[in-house]
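Remember, it's 1-based here, ligands and their atoms both numbered in the order they're listed.
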Amino acid sequence: MRYLVTGGLGFIGSAFIRLLAAERPEVEIVNLDAMTYAANPANLAQLPAGARYRFLKGDITDPAAVAEAIGDGIDAIVNFAAETHVDRSILDPEAFLRTDILGTHTLLEAVRERGIARYLQVSTDEVYGDVESGESIESSPLRPRSPYSASKAGGDLQVLAYRTTYGLPVLITRGSNTYGPYQYPEKLIPLFVTNLIDDQSVPLYGDGLQVRDWLHVEDHARGILGVLERGELGEVYNIGGGNPRTNIEITRRLLEGCGRSFESHVRHVADREGHDRRYAISSAKAHALGWRPQIDFEGGLEATIAWYREHESWWRPLKSGEFLAYYQRQYAHR
Ligand code: DAU
């Protein structure tokens, strides 16, 4: 078996490759990654010896790079390659449309031309938009409200259209907010933990009462593998952590874990534009495939804080250069 994993140097993609390498030794892995700002070869420094792994630098919007990665054949494509950060999409939407919509289109064309047996699109619960009450199920309407989530919804709709029009063997997963080791420090949890380790303040948007459903990255990777192996073609599967928390609750946990106080270290800043108040998904369909998150949230968060403490050499170089320019642009005026 040979799988093409795109975006495999990112946060969730690299967790998926580590899982494949550890538990599916029969699978040969090709990783196609454009190496944009959040990609990091250090995420895969720990691959088991002898893992059958090949890396190719290339962009999923480039048909030649995709053809090279497919080579003389591939059994499945799992597409993690995406622009993923909502705040960056508000500053500069174009890259999101390119990678998340056009990149998906390029991969789907390759699946069509080469007759690839399985294509899995890694998507997000953000495509359902703000969920005032209850939970979104896979057939709920898509109401994305940020350039990021609109670009992911555009990708999902292309995938489903290729199923209807050409009968392609596709699957979609929609994951909830993911946390754990190796997450680029622009997202809430790694940004706040690394700021707190450095005795800096943390910028909490608005009233901090927005709700996100937290899922450990290893559980997310397992959910994607379960859907890839056992999902029904043409179907969408929500993958949620089942751990709804307000941002203030998360912030308090992180402050506690880093030995800092709310009063001295939280900076209340202007809200994110168009900020979705709440995400909530039902994962009953993924549960029916036999998947359940294994990592308890309180323990997982504690272990994540410890991981960032113990891996300064991983994140410290990331909080310089391009990151500082972005941080300034995103937060200085708030
Ligand atoms: O729900 C899945 C999505 O989760 C993924 O599709 C996205 O790729 C991923 O970025 C994440 O989106 P969020 O916008 O929810 O994640 P983020 O870590 O940026 O923010 C989490 C919450 O924390 C959100 O309500 C905004 C808030 N926040 C975030 C940052 C970076 C703050 O209050 N201050 C901050 O500085």
Should [X] and [Y] count as side-chain neighbours, where that means a heavy-atom distance under 4.5 Å?
| X | Y | answer |
| --- | --- | --- |
| D33 | K57 | no |
| H85 | E83 | no |
| V193 | T304 | no |

Polar contacts were defined as any N/O atom of the residue lying under 3.5 Å from an N/O atom of the ligand; does this apply to [X] and ligand 1?
| X | answer |
| --- | --- |
| Y148 | yes |
| E126 | yes |
| D125 | yes |
| L191 | no |
| D87 | no |
| P203 | yes |
| Y331 | yes |
| D276 | no |

Check each heavy atom of T84 against ligand 1 and say whether those closer than 4.0 Å belong to the side chain, the backbone, both or neither.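 For T84, backbone and side-chain atoms both sit under 4.0 Å from ligand 1.
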Location of contacts on N177 toward ligand 1, heavy atoms closer than 4.0 Å: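 For N177, the contact with ligand 1 is made by both the backbone and the side chain.
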Tell me, which pairs form a salt bridge (charged side-chain N to carboxylate O under 4.0 Å, His left out) where one or both residues lie in residues 125-151, sequence neighbours left out?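 For residues 125-151: R145-D276.
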Which residue pairs pass the salt bridge (charged side-chain N to carboxylate O under 4.0 Å, His left out) test when at least one of the two sits in residues 163-180, sequence neighbours left out?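 Checked against salt bridge (charged side-chain N to carboxylate O under 4.0 Å, His left out) - neighbours excluded - the pairs reaching residues 163-180 are D156-R174.
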Using a strict 4.0 Å cut-off to heavy atoms of [X], name the atoms of ligand 1 that fall inside it.
| X | answer |
| --- | --- |
| V86 | 14 (O) |
| T124 | 1 (O), 2 (C), 3 (C), 5 (C), 6 (O) |
| L204 | 33 (O) |
| E186 | 31 (C) |

Residue from T173, V5, T84 passing side chain to side chain contact (heavy atoms under 4.5 Å, CB included) with V122: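 Among T173, V5, T84, the one that satisfies the side chain to side chain contact (heavy atoms under 4.5 Å, CB included) with V122 is T173.
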Is the distance from the ring center of [X] to that of [Y] below 6.0 Å?
| X | Y | result |
| --- | --- | --- |
| W291 | Y237 | no |
| Y37 | Y184 | yes |
| Y179 | F297 | yes |

Starting from [atom], locate the nearest protein heavy atom and write down its residue, its atom name and how far away it is, to 0.1 Å.
| atom | result |
| --- | --- |
| atom 32 (C) of ligand 1 | Y205 CD1, 3.3 Å |
| atom 10 (O) of ligand 1 | K187 NZ, 3.1 Å |
| atom 23 (O) of ligand 1 | N247 ND2, 3.3 Å |
| atom 21 (C) of ligand 1 | L188 CB, 3.8 Å |

Mind checking whether Y327 and F323 have parallel, tilted or perpendicular rings, split at 30° and 60°?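 It falls in the parallel class, under 30°.
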Judged by non-hydrogen atoms, does K152 sit under 4.0 Å from ligand 1?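 No; K152 lies far enough from ligand 1 that no heavy-atom distance drops under 4.0 Å.
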Contact between ligand 1 and H275 is defined here as a heavy atom of the residue under 4.0 Å from a ligand atom; is it met?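 Yes.
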On the ring face of F16, is R222 found with NZ or CZ under 6.0 Å from the centre and within 45° of the axis?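 Cation-pi check for R222 and F16: fails.
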Output yes when E298 and R253 qualify as a salt bridge under the 4.0 Å nitrogen-oxygen rule, no when they do not.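 Counted as a salt bridge, because a side-chain N and a carboxylate O are separated by less than 4.0 Å.
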Kindly identify the option in H85, Q330, Q183, R272 whose heavy atom sits closest to atom 14 (O) of ligand 1.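 Of the listed residues, R272 has the closest heavy atom.
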Is a donor on one side and an acceptor on the other found under 3.5 Å between the side chain of R112 and the backbone of Y166?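 Here the side-chain-to-backbone pair does not exist.
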